[in-house]
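The structure appears below as C-alpha cells.
In this chain, residues are counted from 1 in sequence order. Since the structure is predicted, the reported quantities are computational estimates derived from the model, not experimental observations.
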Amino acid sequence: MTPLHFKIIIGSTRPNRFGDKPAHWIFEEVKKLDGIEAELLDLRDYQLPFFDQPMPPSMVKDGNYGHDVVNAWAKKIGEADAYVIVSPEYNHGPSGVLKNALDSIYGEWNNKTVGFVSYGSVGGARAVEQLRQTAVELQMAPIRNAIHIPGSVMSPIASGKAQWNAETEAGLHDHATKMLTQLVWWAKALKAARSQT
C-alpha cells in the first residue's frame, strides 16, 4: 500500500520561537503512525517573497509561480496528502509569514486535508478559526479536532521558567490522538477521491 505523505509546517520564523517544540513533538507523533511518511517544513527554509505576482495563484496551472523559492515551496507542498500546521496567534490571527505561505500557491493545496496545532492566548483558537476559513478557500478540508496549547503552558516554557517535557506531551496526547485519527481518515478518503479524477 502506498504511504500517505504528511507535511508538518512550522508557522513562525521568529528567533527563539516556541513553535519548534510542539512542531517537533507532533512530527514524532505522526511518524509513529502506520503507513505515514512525515516531513517537517520550516518556513525559515523558504524565504518567500510577499505575494506580488500579476496573476492570482489560482490561475497558475504549470507550477510556475514566477519565483524560484515559491516554486520550490509549491513542489514540496504538492508532494503531500495532508498537513499539520503549527501556528502562533498574533493579534487574534496567524502570523504574516504563515498566511503568505498559504496565499502564495494554490493548486498544490487543493483537495487535501489539514489539521492545526496552535498556541498562545486561548490556545491560539482564534488564529485557527481564521486558518480554517483560508483553508476552505484553498479547497482544503480542515478537520474539526485541533491541539490548542494554552498560554498557561506556553508562556513559562517560552520565557525559560519551565521546560517542554514528557509531562507536557502527556497532557496533549489525547488531543493528538483525536486529531491524527481524523486527519488520517480524511487523507485516505481524499487521496482515493483524487485518484478518480
Measuring only between side-chain heavy atoms, which start at C-beta, is [X] closer than 4.5 Å to [Y]?
X: W185; Y: I143; result: no
X: Y65; Y: P57; result: yes
X: N64; Y: N71; result: yes

Non-neighbouring partners of [X] that pass salt bridge (Lys or Arg N to Asp or Glu O under 4.0 Å), sequence neighbours left out:
X: D45; value: none
X: E37; value: none
X: R194; value: D81
X: R44; value: none

Any pair with a residue in [range] that passes salt bridge (Lys or Arg N to Asp or Glu O under 4.0 Å), sequence neighbours left out, goes on the list, sorted by first then second residue, please.
range: residues 16-36; value: R17-D20, R17-D42, E28-K31, E29-K32
range: residues 83-110; value: E89-R126, K99-D103
range: residues 132-161; value: E129-R132

*Does any pair with a residue in residues 95-148 pass ring-ring contact (aromatic ring centres under 6.0 Å, His included), and if so which ones, sequence neighbours excluded?*
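Qualifying pairs: F18-Y119, Y83-W109.
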*asked:* Given 3.5 Å as the limit, does a donor-acceptor pair link the side chain of S95 with the main chain of S12, or not?
replied: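 Not a single qualifying donor-acceptor pair exists.
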*Measure the spacing between CD1 of I149 and CD1 of I157 and express it to the nearest 0.5 Å.*
8.0 Å
List the atom pairs, donor and acceptor, that lie under 3.5 Å between side-chain atoms in residues 171-181 and the rest of the protein, sequence neighbours left out.
from	atom 1	to	atom 2	distance (Å)
T177	OG1	H173	O	3.1
T181	OG1	T177	O	2.7

*Might you point out which heavy atoms bring A82 and A187 nearest each other, and give the distance in Å?*
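Looking at all heavy atoms of both residues, the shortest contact is CB-CB, 3.9 Å.
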*Kindly state each residue pair satisfying side-chain hydrogen bond (donor to acceptor under 3.5 Å, both in side chains) with at least one member in residues 46-57, sequence neighbours excluded.*
none
*Who passes side chain to side chain donor-acceptor pair (under 3.5 Å) against T134, sequence neighbours left out?*
none
_Partner set under ring-ring contact (aromatic ring centres under 6.0 Å, His included) for F27, not counting sequence neighbours_ = none
